[in-house]
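What follows is a single structure, written as structure tokens, with notes after it.
Here is how names work: the chains are called A, B, and so on, in the same order as the sequence lines, proteins then strands, and each is numbered from 1.
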There are 2 protein chains.
Amino acid sequence: MSEAVLMEKIVSLCKRRGFVYPASEIYGGIGNTYDYGPLGVELLRRVKDAWWSAMVREREDVVGLDSAIIQNPKTWVTSGHVGGFSDPMVDCKKCKARFRADKLEDARCPEKPSKKPGQCEGELTEPRAFNLMFETNVGAVKDSSSIAYLRPETAQGIFLNFKNVLESSRLRPPFGIAQIGKSFRNEITPGNFVFRTREFEQAEMEFFVPPGTEHEWFDYWVKERHRWYLDLGIRPERLRIRAHDKDELAHYSNFTSDIEYEYPFGWGELEGVASRTDFDLKRHSEASGVDLVFFDPQTKEHFTPFVIEPAGGVNRIALTLLIDAYDEQKLEDDVRVVLHLHPRVAPITAGILPLVKKEGMPERAKEIGKALRKAGLTTFYDEKAAIGRRYRRMDEVGTPYCITVDGQTLEDNTVTVRLRDSMAQERVAVAGLVAHLEACTAAWTRDAATA
Amino acid sequence: MSEAVLMEKIVSLCKRRGFVYPASEIYGGIGNTYDYGPLGVELLRRVKDAWWSAMVREREDVVGLDSAIIQNPKTWVTSGHVGGFSDPMVDCKKCKARFRADKLEDARCPEKPSKKPGQCEGELTEPRAFNLMFETNVGAVKDSSSIAYLRPETAQGIFLNFKNVLESSRLRPPFGIAQIGKSFRNEITPGNFVFRTREFEQAEMEFFVPPGTEHEWFDYWVKERHRWYLDLGIRPERLRIRAHDKDELAHYSNFTSDIEYEYPFGWGELEGVASRTDFDLKRHSEASGVDLVFFDPQTKEHFTPFVIEPAGGVNRIALTLLIDAYDEQKLEDDVRVVLHLHPRVAPITAGILPLVKKEGMPERAKEIGKALRKAGLTTFYDEKAAIGRRYRRMDEVGTPYCITVDGQTLEDNTVTVRLRDSMAQERVAVAGLVAHLEACTAAWTRDAATA
């Protein structure tokens, strides 16, 4: 299967089964913007919950934060985004189309798609900086004094609150502040489905460390984040760690490594781990006049912490999980599409299927489904079509377990549990069902999935 | 305690302990905008999880959605927001201050605070409509063709996807689509702490019903949502249901009831349950040319569903929980501040406290804390100051359980569990600790709390 075909199949599956829809579709859409349907929103929630558990709740040295999207605009002057967060753009003087000056090789003239910009009849302007922040106005008056920006990263909200968090918690470096939330970048060329969109959800953590320890913490976090992706079942051979060249580094970073994934469209950044030095805290301290230094009451030392930042994108993680999980398996008499999603992130944990639509099986199945939902599992009830077709429908959306209620259920209160990956079935007592599924999830590994 | 004093105390507690900070504080803030600190973000997460469980995961007839904040601007023309989502504003010709024309009674001249606007020397302009949507521009060109809006409600994202959800799920009316997400309103007079802010998180559900059944479903959802607040432990005597007068109704609604709470600043809307009729689906269908009618394959009927919408605000719910939980209790030798938060929403589930900072107690306490976190509980380790003071610190942030590790722990592997509300202590085996705390949470009631 070619890469383009694979992406097409995933986009089509996402739309058809309710993972991802084009946004504002009934009005012709709006650029490369997407909405997440019933299954997509559950996938996103599970990605966020898994991240929050690993990065905040299971740790003693990291706390959470949820800062506003619209901050005082001085924030973005100080951070360097007002002055420097821009792409160089050129316009075609003839057709008025706009292109990224550094990506002209990949661009095409909209009027003559066989030509590159500038090679058609249109002449290109000199490159100009185009700021990627979305602008708006806050308050009753619309003028330059009321300009504000939608945040292009959640990180600055963390730096702004460094002192507040220090004062209300009892943390001391090394410690981290983590945040999940929407950011906005007015990208000229978003693309590759939800890989790059103008509106996206970040999962970022700023880890504040004593100066001189940044290299060891950087190594720690690169390993830790790589392991997190492996724990979610992503194929190790499709992951790699790549250090940035000097000329790729952001203005605030002295070294950065990306955890990259091999997408159908090539290797791409899945997560960046950046050493941000003391750049942001020092700049904000100078600009605001507020002391953002850490004072250690034991050693009587003052220092500005250095920062290691692991930064991922929730939507991109979800896309990566879908791509990585997608499989077409040739069976004896059939080809099945199956998503080998880790049970922790699968949108539906258990399909609830009465074998036939009579003899009290639907009623019993619904009772069992209700009990599972009360225990916190997500279920989907399906009584339509032959049982084999219903299994396939669950395979296609990555549901790891199918619970089938049959004649025997009504006699001895057992059900069959069918596993998505091996398609093996076993009989399990209803009383022990939740514990059984939890044990299966705890034991799940990618090898078992593809074996 | 006066109402103003109570609000001041809550605002101060929120800042000091890390629930809520003023946003961009180091730059002098930005209007009435707030960030949520380590405890605040956990409170918000628990509110959202409780809402999502009750409204989506535990139900068979509701699915979730997560739509983009920036949709095609035609969305807001059709919904009536471009034309009608405005406040009437007047300007003072002398000092240029701007006021809501319909709230002049409560306003004060900024230069002469003893006077109302217009009663000082300044003359007021005629009222003009001021649209409450934040405007921005999408794409490379900044002109009228690229104007877009930050959504003022999550509801429209649901209506836009009505057909997509119908096609990818197997739902038929009555069914609901639920969404949690940020909305933005450029309010001229936000206020009362996080009660009304320009950026806020909504929890909305659109429930689509066959025409003619809207009254019974409206009654159902008003009861259901009222019960949800009671289940979270909110005092029943501070809740009431109030039907809107005809002249209060939004343009899309034929009847609406608010679930109101008695705030320190008076009765106010906690949640609105609106009958939105078939207004939105019909308007979007006409404007887009896309058929948004439900076809019932069994009865061969076509109809546009009517909509019942329960809509709450996550930040406002969190504020309400804090206000409702706040208590100053006179003890024999002390006054303690305690938040009687329901254990399901308390930011920290268990304080982990070694009785003394020696004899291996800190190490054992940390092990126990780690095991509880692995089981999904949120813990806070504290070894500083006398045990009584540490209990008070946990009371003040609403931590329902304190686990104390003492000499006996090292001998027989039991700990004391101290309950926040009754301050009762009991000895519990470490092996059964998680189950014990879960049982306490399941049995928690407001009566037990304040008894």
Against chain B, work out which of A:Q156, A:H284, A:R373 has the most heavy-atom pairs shorter than 4.5 Å and name it. A:R373

Which atoms of A:L39 are under 4.5 Å from chain B, going by heavy atoms: the side chain, the backbone, both sets, or neither? neither

Please classify the contact of B:D382 with chain A as side chain, backbone, both or neither, using a heavy-atom distance under 4.5 Å. side chain

Identify the two heavy atoms, one from A:V41 and one from B:G64, that lie closest to each other, and give their separation to 0.1 Å. CG1-C, 3.5 Å

Do A:V138 and B:R198 come close enough that some side-chain heavy atom pair is under 4.5 Å? yes

Taking the side chain as every heavy atom from C-beta outward, state whether B:R393 and A:R170 have any atom pair closer than 4.5 Å. yes

At a 4.5 Å cut-off on heavy atoms, which part of A:T33 comes close to chain B: side chain, backbone, both, or neither? side chain

Give the member of A:M89, A:E60, A:E187 that has the highest number of heavy-atom pairs under 4.5 Å with chain B. A:E60

Interface moiety of B:L150 toward chain A, non-hydrogen atoms closer than 4.5 Å: side chain

Which heavy-atom pair separates A:S24 from B:L160 by the least distance, and what is that distance? OG-CD1, 3.9 Å

Give, as side chain, backbone, both or neither, the part of B:A178 having an atom under 4.5 angstrom from any heavy atom of chain A. neither

Winner by heavy-atom pair count (cut-off under 4.5 Å) against chain B, out of A:D91, A:L44, A:L132, A:N161: A:N161

Please flag which part of B:S169 lies under 4.5 Å from any non-hydrogen atom of chain A: side chain, backbone, both or neither. neither

Surrounding CZ of B:R344 (heavy atoms of other residues, nucleotides or ligands, distance under 6.0 Å), is the total greater than 12? no

Can you tell which part of B:K370 gets under 4.5 Å to a heavy atom of chain A, answering side chain, backbone, both or neither? neither

One pair to check against side-chain contact (heavy atoms from CB on, under 4.5 Å): B:I70 and A:F184. What are the steps and the verdict? CA-CA 10 Å; B:I70 299 176; A:F184 299 79; 4.2 Å; yes

Given a strict heavy-atom distance threshold of 4.5 Å, which part of B:Y27 is in contact with chain A: side chain, backbone, both, or neither? both

Quick one: does B:T136's side chain have a donor or acceptor within less than 3.5 Å of a partner on A:E135's backbone? yes

Ranked by heavy-atom pairs below 4.5 Å to chain A, first place among B:W52, B:Y34, B:Y36 goes to B:W52

In terms of heavy-atom pairs under 4.5 Å, which option from B:N164, B:V56, B:T197, B:V63 contacts chain A the most? B:N164

At a 4.5 Å cut-off on heavy atoms, which part of B:E199 comes close to chain A: side chain, backbone, both, or neither? side chain

Rounded distance [0.5 Å steps], CG in B:D66 versus CD in A:E42: 11.0 Å

Are any of the side-chain heavy atoms of B:V165 and A:Y21 separated by less than 4.5 Å? yes

Might you point out which heavy atoms bring B:R46 and A:R57 nearest each other, and give the distance in Å? NH1-NH2, 2.9 Å

Below 4.5 Å from any heavy atom of chain B, which atoms of A:K15 appear? Answer side chain, backbone, both or neither. both

Option in B:S67, B:G369, B:G18 with maximal non-hydrogen atom pairs under 4.5 Å from chain A: B:S67

What closest approach, in Å, do B:N186 and A:G139 show between heavy atoms, and which atom pair accounts for it? OD1-N, 2.8 Å

If you look at every heavy atom in B:R17 and A:S168, which pair is closest and at what distance? C-CB, 3.5 Å

Applying a strict 4.5 Å limit to non-hydrogen atoms, the region of A:F134 in contact with chain B is both

Any idea which heavy atoms bring A:P73 and B:I30 closest together, and the distance? CD-CD1, 4.4 Å

Report yes if some heavy atom in the side chain of B:I69 is under 4.5 Å from a heavy atom in the side chain of A:K182; otherwise report no. yes

For chain B, the option from A:I177, A:T78, A:I26, A:V290 that forms the most heavy-atom pairs under 4.5 Å: A:I26

Would you say A:Q71 and B:D35 are linked by a side-chain donor-acceptor pair, where the criterion is simply a distance under 3.5 Å? yes

Given that the side chain runs from C-beta out, which part of A:R45 has a heavy atom under 4.5 Å from chain B: side chain, backbone, both or neither? side chain

Highest number of heavy-atom pairs under 4.5 Å with chain A: which of B:T378, B:N137, B:D87? B:N137

Which bit of A:L372 comes within less than 4.5 Å of chain B, counting heavy atoms only: side chain, backbone, both or neither? neither

